Each structure stands twice: as C-alpha cells, then as structure tokens.
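Please read these numbers as outputs of a predicted model, since none were measured by experiment. Here is how names work: the chains are called A, B, and so on, in the same order as the sequence lines, proteins then strands, and each is numbered from 1.
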Amino acid sequence: GSDDDAASGDLDRVTIQLQLPENGLFSGFWYGKAEGIYEKHGIDLVIEPGVSSQAASDAVARGTVDFTTSSFPSVALNRVAGNPLVGLAEVIRGGNQGLLVGSDSGIESWSDLEGKSVIITTGSSQKPLYDAAVTAAGVDPDKIEVVNVNQNVINQTFASGGADAVLTLFPFSEPLVAPQRDVEAISFSEAGVEMPGFFLISSEEYVSENADLTERFVQATLESWAGAYENQDDAIAAMLAENPALKEEDAGAVFEAFAANGCGVDDNGTWFGDFTAEELEGGVETLVSSGVLEEGAVDLATTFPRATLDALPAEGQYDCADLEGDS
Amino acid sequence: MRRSRGRKPLLGALGVALALIAWHLVTTVGGVQATVLPEPLDVLRSLGDNRQLLLDNVGYTLRTILIGFALSVVIGVSLAVAMRASSTVDGLLTPVIVGIQTVPKIALLPVILAWFGIGQTSGLVIVVLITVFPILVNTRLGFSGVDEEFRSLGSVMGGSRARTFWTIEVPLALPAIFSGLEVGMTLAVTGAAGAEMFAGSEGIAFVMQVASSALRMDMAFAALTVLTVLGVVLYYATTLVAWALMPWTRGRS
Amino acid sequence: MRRSRGRKPLLGALGVALALIAWHLVTTVGGVQATVLPEPLDVLRSLGDNRQLLLDNVGYTLRTILIGFALSVVIGVSLAVAMRASSTVDGLLTPVIVGIQTVPKIALLPVILAWFGIGQTSGLVIVVLITVFPILVNTRLGFSGVDEEFRSLGSVMGGSRARTFWTIEVPLALPAIFSGLEVGMTLAVTGAAGAEMFAGSEGIAFVMQVASSALRMDMAFAALTVLTVLGVVLYYATTLVAWALMPWTRGRS
Amino acid sequence: MSAPVVHFAGVTHDYVTPGGVTRALDGVELRIESGERVALLGPSGCGKSTLLGIAEGLIAPTAGGAYLDDVKICKPHSDAGVVFQKDLLLNWKTVLDNVLLPVRLRKERVADYRERALALLKDVGLADFADSRPTELSGGMRQRVAFCRALVRDPDVLLLDEPFGALDALTREQINTDLSSMMDTTQATAVLVTHSIEEAAFFADRIVVMSPRPGRIAEEIVVDVPRPRPAWPTVDHRFDEVLDRARRAITSRKAAA
Amino acid sequence: MSAPVVHFAGVTHDYVTPGGVTRALDGVELRIESGERVALLGPSGCGKSTLLGIAEGLIAPTAGGAYLDDVKICKPHSDAGVVFQKDLLLNWKTVLDNVLLPVRLRKERVADYRERALALLKDVGLADFADSRPTELSGGMRQRVAFCRALVRDPDVLLLDEPFGALDALTREQINTDLSSMMDTTQATAVLVTHSIEEAAFFADRIVVMSPRPGRIAEEIVVDVPRPRPAWPTVDHRFDEVLDRARRAITSRKAAA
Ligand SMILES: Nc1ncnc2c1ncn2[C@@H]1O[C@H](COP(=O)(O)OP(=O)(O)OP(=O)(O)O)[C@@H](O)[C@H]1O
Ligand SMILES: Nc1ncnc2c1ncn2[C@@H]1O[C@H](COP(=O)(O)OP(=O)(O)OP(=O)(O)O)[C@@H](O)[C@H]1O
Ligand SMILES: Cc1ncc(C[n+]2csc(CCO)c2C)c(N)n1
Ligand SMILES: [Mg+2]
Ligand SMILES: [Mg+2]
C-alpha cells in the first residue's frame, strides 16, 4: 500500500526467497512483516516465492536474493560445489528429522528396516543422513528398498500406503499424514546420527558487505519467528492474507507442528536460532561418514559465523512458555 | 456422413460421462483412497467452493499457454522453413534440436531459473522447449509431402521461390502442420502446468500443487479438472481453426 | 543432392560442437554457477569416472523406453485404426483421449503409484501416457491423407476392408505414422526419465537425481548426457527404420 | 460360366456439395448383354465416371439401380477388372507386385499368376521394368501397369474409365488390339469410357453417347463391323457412318446444352 | 516484341536411379522458329516430358542446352504458359483464383486479369464454376481449368504436355480451335506434346516424331496446310499424306526398337 511506500524511503530493502511454495512453515516471515517487526529494525522485507531449496540457494549464491533458509547438509554441499553460502541462525532444530513409519509396518527402530521400503525425497540432502543412520544401526542397505519420490508427492504416496516409511522433516509430514495413516516418528538421533537443523542463510559476500543490515535482519527474523510461534493465529492469518490457495487448517497444522519444536531454549541450553560448535562438528562427521563430504572440506568458522548472533538473544526476549508444554 | 456429424458431440459427451462414472466407481467401490484419488462429487463440490480462486488463476495459466504456444509456432515453423530452405541449416540443427527435445526439461530447470527467474518467463521458456518439436517435425513432414511437381508449377509460372512457397507449398502442408499444432497445443498445456508446479508462483497448476502438497485432494483435482477442461477446449479450438482455415479438407475424415 | 548426403553427418557434428562450445563459454566466462550448470570438461571427466555406474543403469532405462514405446505404438496405432474404422469409437474416445493427454501426468503420479507400485511398471505406464498421443494423432493424419480412390481401388479389386487397409492404406499412411513415431520416441525417453526422477529406484535418470541431490552436478550432467545421447540415438534409429522400411520416399526430402 | 449382363435400371445420381445438389445422372437406362462391349462417349462432366462407379458398387445411386445378371449391385464386388483415370499404383511395390495386387488382395496364390503378370507386362513393352518401382516410370508407362493389373485375373467384366488417356498413339493401338483379342477368348462384358470416337468405334459393339450434365443416354450406335477390325477405323470405309453419327451426336448435344 | 525462338542444341539427359542410369534424351537438335507451332509425337517414355522440362528450365540437361532467342535457359523462366499432364490445381482456391494463380505468383494486379480469366473459363464451358472448388469438378473439367491458367497472361511461349489427354472429344476440338485462333493473334511459339496424330496434324506447322528411349529426333513432317484448318484432319484430304507419314514414322520406330 501507499503507507509502505512512504516508509520504505528510509528502510533497507532486503529480499528473501522461500524454498517451497508458501507453506505454514514460513509464516514467521509474514508475521514479522505484518507486525512491523522488520520495519522496526529498519528493513523493508520482500518475500519472493520459491520452488526448491537448491534454486533458492543458487539464487542467494548468485546474489539474486539476499536470504533463504537451508539445511545443514545443503549449506555444506553448496560450499564444496562453489556456492559460498553462510548459515547465520538455526531456525529449525535438527531433532525434527528422521523416519516417519506406518504403525502397521512393524518398524520400531532403525534396525527393523530390512525388507522394508523407504521413501526419500528426490533432490533432497537427506540421503546421506539416511546412509549414516542405516550404517550406524548395522543394517545392510541392500536389503532396504529405497524409493525416490518427488517432494510434491511424498506425503500423498506415504499416506496412501506407498511405502513402509518416509524420510522427512516430521513437522512437514506428520500433520498431513496422520489423519490418513497411523504413524510413528523415529529420529536420526535414535540411530546416534547427529545433524543440525535448518538455517537462515545468506552469501559470504552479502554478509561482509552488509554486516550491520545482516545483523538487524537476523535479529528481526528471530524475533518474528518467535513472535509467530507465540501468536499462531495471527501468524497464520498474516500468511493466508498473502496466499489464498492455502487452507487455514493445513497451514495451521504444519505451523503448529513446527512451533512445538522451534522456540525457546533446547536441551543443550541453546537459544532459538543459536547453535553450538559440537552440533556442527557432529553434522560434519555424519556427512563424512556417509561419504558425501571430505574431512576438512568445510571451514565451519567461516561457514557458520556467529557474529550476527553475538547480540542475541537477550535473556527473556522470547516468551515461549505457552508453547513448550505442547510437545 | 451428415448423420454422424450431429452424433459426434453427443458421443463425446457420452465418452466423458462413462469416464466419470468409472472414476466414481473406482473411488467408491473400487477402494482407492481419497488421498490418491478423490471422489468426483467431492471434486465437483470443491470446484464450486473454490470458484473464485480458480477463476483468478486460470487467466495466468491461459496466458502462459497461449503466448508460449504462439512462440512455439513461430519458432517451430520458422525452423522448419529454414531447414527446408537450406540443407546446411538442416544438417547443423537436427542433432542439436533432437538433443534439446530429448533432455528431460526438469534437469534444465536450474539453468532456466538462473536465467529467467521464477515466474512467467521461465514458464514460457519451458512451454516452448516442450511444444516446439512436434510442430517442427510435422511442418517438415508437411513440406516433404508436397509433390515436386507443384514446386515446378510455381517456378514455371513465375513465382519466386518464396512466393511459390507461401502460395502453394504452405497450404499443401497445412493439414500436416495442423496435426503438429494439435499435439503442440496439448503439450503447451502440459508445459505450462509443469512450469507452474516446478518453477511458478501463480496459476491453476500452482494452486493444484499447493493443494496437493497439503493433501487437499479434492481441491487439487478441482484445479486439475479446470486444467484438463482448458486443455480439451484449447485442443478443440485448434481443430476448429484447422477446420475453418482448410475448408477443402472437410469432406475427408 | 549426392554431395549434401555426405555432408550431413559432418554438419551435425559441427552443430553439436558449436553447442558444446557455447556451453563451455557460458560456464567459464558466462558466470553460470557450477551448481546450476557444470563445465563440459568436468562432465566429460565424470563420464569417464562413473563409466561403470552409468553402464549398469542404462539398460534399465533403455528397457523402460523400448517396452513403453512398443506398447505406445501398439496402443496408439490400434486406437487410430479403431477410430478410423468406426466413427462411434472415434466420437466416444476423442475427448477422453485429449483429456488424458492434457492432464499433467505428475498429478496422476500418486494414482499410478497406488495402482502399479513404485518401479518399472509405473514407469511404463507413464511412458505410454506421454507417448501414445502423438502416435495416435499422426496415424490418424496418415489415414485421413489417403486418397479416397485408393480405398475404391482396394474394394473393386476384391480386397476385404481389412486387407485393403493393411495392403494399401497403411503403407500410404506410413510416412505420417513415422513422423509420429519420431516425436513419440523422444517423448518415450522423456517419460522414462521423468518416471525415474519422480518415483524411481534405478536407471540413468535416477542416478542423475541422486547425484544432483548430493550437488554432484558433474555426475548429474554426465548421466544427463548419457540420457540425451540415448535419446538422440533412439531418434535416429527410428528415422533409420523409416528410411529402411520406406525406400520409395527416399528421394523426397 | 458366361459373362454377366450389366443392367442400369433408371439410374439417377445426385452429388451433395456445400454449394447445392448436382444431378450427375438422370434416369439412365442401359442394358449391356453378356460379352457385349460398350463404349461410353460424352462430354466432360456428363457422369460417365459416376456411372462406372455405380457399376463397381462404389457409388450408391440416388434412385434406380445397377444389376449384374439381375443381382443388384449394392457393394463393391470383385468380378470386374477396373482401370481408373488415375493409375493409382503403389509406389512401394515393384511393378510386378503392382500387377499382382488383385491376387494378393483376394489372398489367392501369387505363384499361380506370376507368369500371366509377366506376360501382360511383356505385351505392353514393360518386361524390363518388372522389378522397377513405379516412381521410375513415365506417366504412360504407369498407366500401362495399371492396365496389366486390371487384366491379371482374367475378369469377366471390364470397367475401363479412360484407360488409354495417357498412352501414346501406338501403344494405345497395341493395347486396344491386345484387349480386343483377349476379349475374344474370355467373352468378358466390357464398358469403355473414352473421349476418342475412333477408339470407341474400334472397341465397341455399341457406342452409347451421353448428353451433358445431367447425364442421360442420348444416342446408341451399333458398330456392325466384323472383327478383327483395322486398328485405325478411319482407314476403313465401313466405319464412316459410325464415326460420322458419333461425331454428330456429340456435337449436337453440345449445341443443345 | 516477337515470340522467341526455342532452340534445343545437342540436348542429352540422363536420369540417375538406384538401379542405374537411364538415358532419356540423346543429342536432341531442334530449332523452333518464332511463332512456329511444333507437335512432339513419340512413344511413351521417349523423353517428351523431359524435353519440355528442359525448355521450362526445370531440368538441367546432362549435356547440350536449350535456348530462348539464343539465351541459354538455366533456371525456370516465366515467359511460358505451361500445362502439365496432371492438372495440379490448388484445391483450396476457387476455380477463378486457380486461373489467376500466375498473376498472383508474379505479384501483378489481379484486377487486370479478372475479365480475361472469366472469358477463358467461359470459352471452356466453365463460366458457372468460377466460384466452385476444384474438388467439385470432374477430371476433364479440372484439366480445362489448368488450361485457362496457362493462357491467362497471354504468354509468348506455350509448352503443353498432353494437355488434352483428359478432355472429351468435343471440348478437345473446341479448345484446339480456341488455342489455334488465340495463337494467330499472339504469334506465340508453341510446343505441344500429344499422342494423337490427328491433333498433331491439326495443331502444328511441323510434327516432330521422336524415337523410343533414348529419345532422338526421328523424323520431321511439315504440315503444309493453310489455316483455318478443319477440326477433323481426317475429313480433309490435304492431311492424308501428313497423317500417313506420321503413322508410319511412329510404327517403324516401334518395330526398330
Ligand atoms: N465428389 C463429387 N462431389 C460433387 N460433385 C461431383 C463429384 N464428382 C463428380 N461430380 C460432378 O458430377 C458430374 C459428373 O462427374 P463425372 O466425374 O462422373 O463426369 P465424367 O463424365 O466422368 O467427366 P470426365 O470426362 O471429365 O471424366 C460433374 O458435373 C461433376 O461436377
Ligand atoms: N524422375 C525420374 N527418375 C528416373 N527416370 C525417369 C524419371 N522421369 C523419367 N524417367 C525416365 O526417363 C524416360 C523419359 O521419361 P519422360 O517422362 O520424359 O517420357 P515421356 O515421353 O514424357 O512419356 P509419356 O508419354 O509416358 O509421358 C522414361 O524412360 C522414364 O523411365
Ligand atoms: C526453515 C526450513 N525448514 C525446512 C526446510 C526444508 N524443507 C522444507 S519442507 C521439507 C521436507 C521435505 O522433505 C524440507 C526438508 C527449509 N529449507 N527451511
Ligand atoms: Mg470421368
Ligand atoms: Mg510425358
């Protein structure tokens, strides 16, 4: 509207490309925009629609957009492949990933996978995690039927019984699949496989040239996401206002599932958005053990700079008390 | 003959009705889950409920299809003409064009996105990449089917090569060209849909994509139905144009 | 004419070389990222390194393509014949077939997976769904181009309708049918690749998909190159079969 | 088995076109006796080809009917040898295989007719071209192949729609002679559409002249000259009256139209 | 501007086929004077169409050359009116537009030739069909349209490859007469390929008889009969010798082959 135009004169324009068509998962960005959180930090945020994780990462590396979100393996692999991405804040915790299995499949742990079929999203960077988990569980990978299925249809295929298990981000799949099929979650950590979660990312060049703006953006985003988790109905309303194709209950279910895991201090005492060196090293170890990354190929200090996090979070900034009880 | 003309639309409607009944039976007594294939009646209801959303998006898709198709016709026919006119051009381009046709377009998606961004331009590129080949191949077929003697006729009557080509050869090739356009039109629809699903942020197939990733299958199939009807209408529009442009072939089939 | 025949493969090679040089320049001085489009030389190296893996998988893909293509030919030509023989069949099926052609196949993927499971059978179904239409359309084009007088000839010479059809009409329609087969063959490759990428566990396109999820773009494009070469070879094989089967058309184009 | 009687009983035919209805034939009444040879003469567009189409069973008349030995012709029958105005050769078959086409179409033993086919090709001077493709032949040569194809099964009805139109004068004469002598042995009933009065006079027992569209039987001229006849009717005075009547019949029709 | 001289100087032509080389013409030497009318007679396949193709500039001879007024014919030129053996009408145009095709192809004003086109159609009895599609016409009617098309621009060279083959006897005679009177006013140089000796005699100042393949000039017969000539040469005794010589020339060629 015209109010924004007047204000945007003194705001810094920042663009973010999403990784999927809009989804409840990304409500935090719209919430922050709608509530004026970005504006408060002197930022005019432009949210660009996205089609895939890699397309968004490519766009960030190219400088076409300033930010996106991406998984830890994706950041690492992109760096090796020549895209100098940096991870700024961990917005989704790593524990959200693993196998979703049908309750009727007879799978209770990673070691039960022999003779079963597992759906893996084509084009995702989850395969190395799966390899590591299978190896750690001592299962012969040749005895598992791995089926690559396009991201657009994994939930559908799994919900309709197309396989015994699906490798996924639980909050992405569970709320949609559960009404159709009884499911259990088996996380990677149950196989002893360590993996950080999803990061707010940018490019090395952008961060070094816009240090202050980056810091403000990270701060605004963490504030926005935490606020959204706190005020779910508003966050969803903000998102639906932009996306008439979405149904409120779908966006809500996905968002709620993410929110249940996303806010406050985790078991290690890290704040929402923050990450630890051990966590990153564990992730590298997992990728190295499954052969997709060479030891020392990624310099963690430059790839995951903490500078923008140093100012954050002030104790008590996020009040997630209402949410923590839900999980 | 006269009787069968009047029967044709009726038969077509009957065919569609039979297909719908089969769909209904498969979902009700056939035991196919609603997450895979929703019941046609639910889809119908969803069509009503999402009327506005679908209408808002159909224009975008239609634009991608029509502009992309028009570009494909221009490019496909021009290439066929150039390849007809010069065997050097023909020799140079044939393997490259076949290669481009064969490459799975989805593998080129990152390249297309890098160059043209997410949105309608990429959509058009994808539509053209998919649509141009059958148009090109059928146009070439049409030209090669033109009796050598007609070309002789044109030149001995004082037509320049170009004029003979446009006045005599092109109309003779038209029936074959239009077969290419009919296939091409359905591919343009497929291409536009694919582009919206994999490289888009708007349009009917985008709605379908969003709905189906939320497992809202009734809504996804409502969008799919709109897309299919759009495709069928555009296909028949193409055959109608052929019929109107080529009265001399009407008796034939 | 005689000279240009010898030139053709050379020109084709030149065209491919030019395309490769363009690719090289785009990736080296054109500033395209390696995650989007790797350098051709890296791809070449990867082709060598992954020789065995690629060879192991090419057979699977080839089988899907060839069986799927053969099924499409049988189905497409049979449908065209049935629709030619009976205007009732034609009227009933046309809109349904056009509808099936227009539906984005990816939307049907869950249905296909639910009915045929994940694997080669689903791959075949996808190939057929994609390939059958141009074959059908071109076969019909071929039949409708047959001069009415040839049918008269067949019947006054005592041929049954069927025998006249096979002895006279089919050969007359062959050039048009083969144009459909040429388009169809490239689509069969696309369809097999799509099936492996969207729901597969084997094959060249599956390898490509796995490589690209690990951002091994050189390897992904090595697989893509194999797929494209396979497609081009199969396309030329189809034209070669046409050439061998129809000596009487050789002088023409 | 004697050759059939061909009987057109009150045959009327209308073509329906976007522009309206064209009456091509109007109450044609014509009986051709067993073994008789009739030549059909008439201006272009008077319906000669349509009449032959009806005899072939390819065209259903709007009114009236055609009969073979009192059996109504309702669908294509294969007892006739037919040559059309166009040669309609199959370019993918050799000349010999084109000649043998009727045999193959009827699923008869090809070997039984090979000799006959080669002999016919020899008669029309194409012995050397048996294994060539029709695309390598001139227009006249192609039409001669079509002629051999019509004769290969020794049909007892011959329906010839200007088969000599594209032949050179000598070959034409030669085939006329061949045809005539062949028919003396087979006794086939024959209808020849032609534009040449001389040819009609040489070939026919009776010349039937048709009026311009809509086609009607205008005049019948019996050619009462014994065979063998001279290849050039104009050199034999017994033909004078026939040629003269035919010429005047055709000219007066035109004037009347 | 007087009509050009057409000169074939030692023209030899070979066709290359998968089966080998066919010599169609062998050292043809023929000069046709300005305004002269030549009829070309010869057995089927002797190379008549090939010779005309060379004059049209469509076929490049293997050796020798054809000249128009001493200018070598290297590519198709458009000074000639041409009728082929096939009618080659464009089914998507009306009959009138088919006749006007040469005008359109040369980008001349169509309006300037409309009257002429309609008059030609009237001459051949097709005035009522000007707005019909060729698909609605009989074979003979189609060929008459092709004939009008060749004449619409009053060409000063006429190359006619059996244009009357599919016409009925009377229309044939009529067009022969029309053509003849038209040529008396335009003085066009003309070559007519025909299989009819009578037609050749009626049309030509000189009949050129060709030998069987490979085509050579076998005999030339000057038709020394003043015009106007009777439509039926056979009824005029001044033609007797011409017809007889032509007949014998053609027969002896065949025997010799
Ligand atoms: N398929 C058709 N549709 C409409 N009218 C037709 C058709 N075929 C023929 N006619 C018309 O019917 C009349 C008779 O045609 P037909 O071909 O029988 O004549 P014909 O005597 O064989 O002529 P020709 O000597 O030129 O071959 C013509 O006036 C023609 O215009
Ligand atoms: N395109 C071609 N390829 C090969 N041979 C050909 C070709 N055209 C003609 N010929 C051969 O050349 C010779 C002369 O052919 P042409 O058509 O000039 O004869 P023509 O005198 O016009 O015959 P007709 O009277 O039958 O029309 C024939 O023997 C024929 O077999
Ligand atoms: C904040 C954030 N969360 C998740 C993803 C990635 N992602 C979105 S949906 C999905 C499941 C598909 O398998 C995955 C992995 C991201 N890029 N950014
Ligand atoms: Mg006729
Ligand atoms: Mg000729």
Check the side chains of [Y] and [X] for a donor-acceptor pair under 3.5 angstrom, ignoring hydrogens and angles.
| X | Y | answer |
| --- | --- | --- |
| A:Gln17 | A:Thr68 | no |
| A:Glu184 | A:Ser103 | yes |
| C:Asn50 | C:Ser46 | yes |
| A:Thr303 | A:Asp299 | no |

Against chain C, residues from residues 58-66 of chain A with at least one heavy atom under 4.5 Å, in numeric order, are A:Asp58, A:Ala61, A:Arg62

message: Between A:Asp131 and A:Lys127, does any side-chain N to carboxylate O distance fall below 4.0 Å?
response: yes

Options [options], ranked by heavy-atom pairs under 4.5 Å with chain A, top entry:
| options | answer |
| --- | --- |
| C:Ser212, C:Ala34, C:Ala214, C:Gly119 | C:Ala214 |
| C:Ser201, C:Pro110, C:Gly117, C:Ala211 | C:Pro110 |
| C:Ala199, C:Ala114, C:Pro38 | C:Ala199 |

Whatever's closer than 4.5 Å to a heavy atom in chain C on A:Thr157 counts as side chain

Would you check if C:Leu136 and C:Met83 make a side-chain contact, meaning some heavy-atom pair closer than 4.5 Å? yes

I'd like to check A:Glu204 versus A:Arg79 (side-chain heavy atoms, cut-off strictly below 4.5 Å). Are they in contact?
yes

- For ring-ring contact (aromatic ring centres under 6.0 Å, His included), just list the numbers for A:Phe198 and A:Phe72, CA-CA rounded to whole Å, side-chain angles, deciding distance to a tenth of an Å, and then say yes or no. CA-CA 6 Å; A:Phe198 293 82; A:Phe72 176 85; over 10 Å; no

Check whether the ring centres of A:Phe304 and A:Phe199 lie less than 6.0 Å apart, and answer yes or no. yes

Distance col, row A:Lys116:NZ vs A:Leu99:CG, nearest 0.5 angstrom, shows 12.5 Å

Separation between CG (A:Leu293) and OG1 (A:Thr286), nearest 0.5 Å, reads 10.5 Å

Only heavy atoms, only distances under 4.5 angstrom. Which residues in residues 215-235 of chain C are near chain A?
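Result: C:Leu215.
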
Do you know which of [options] has the most heavy-atom pairs with chain C at a distance under 4.5 angstrom?
| options | value |
| --- | --- |
| A:Ser160, A:Gly161, A:Ala81 | A:Ala81 |
| A:Asn150, A:Val149, A:Val292, A:Asn148 | A:Asn148 |
| A:Val153, A:Asn83, A:Ile120 | A:Asn83 |

Does any heavy atom of chain A fall under 4.5 Å from the side chain of C:Thr35, the backbone, both, or neither of them?
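Answer is both: backbone and side chain atoms of C:Thr35 are under 4.5 Å from chain A.
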
Verdict with supporting geometry, C:Asp90 and C:Thr94, side chain to side chain donor-acceptor pair (under 3.5 Å):
CA-CA 6 Å; C:Asp90 187 292; C:Thr94 301; 3.2 Å; yes

Can you name the closest pair of heavy atoms from C:Ala242 and C:Phe178 and give their distance?
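What the structure gives for the nearest pair is CB-CD2, 3.5 Å.
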
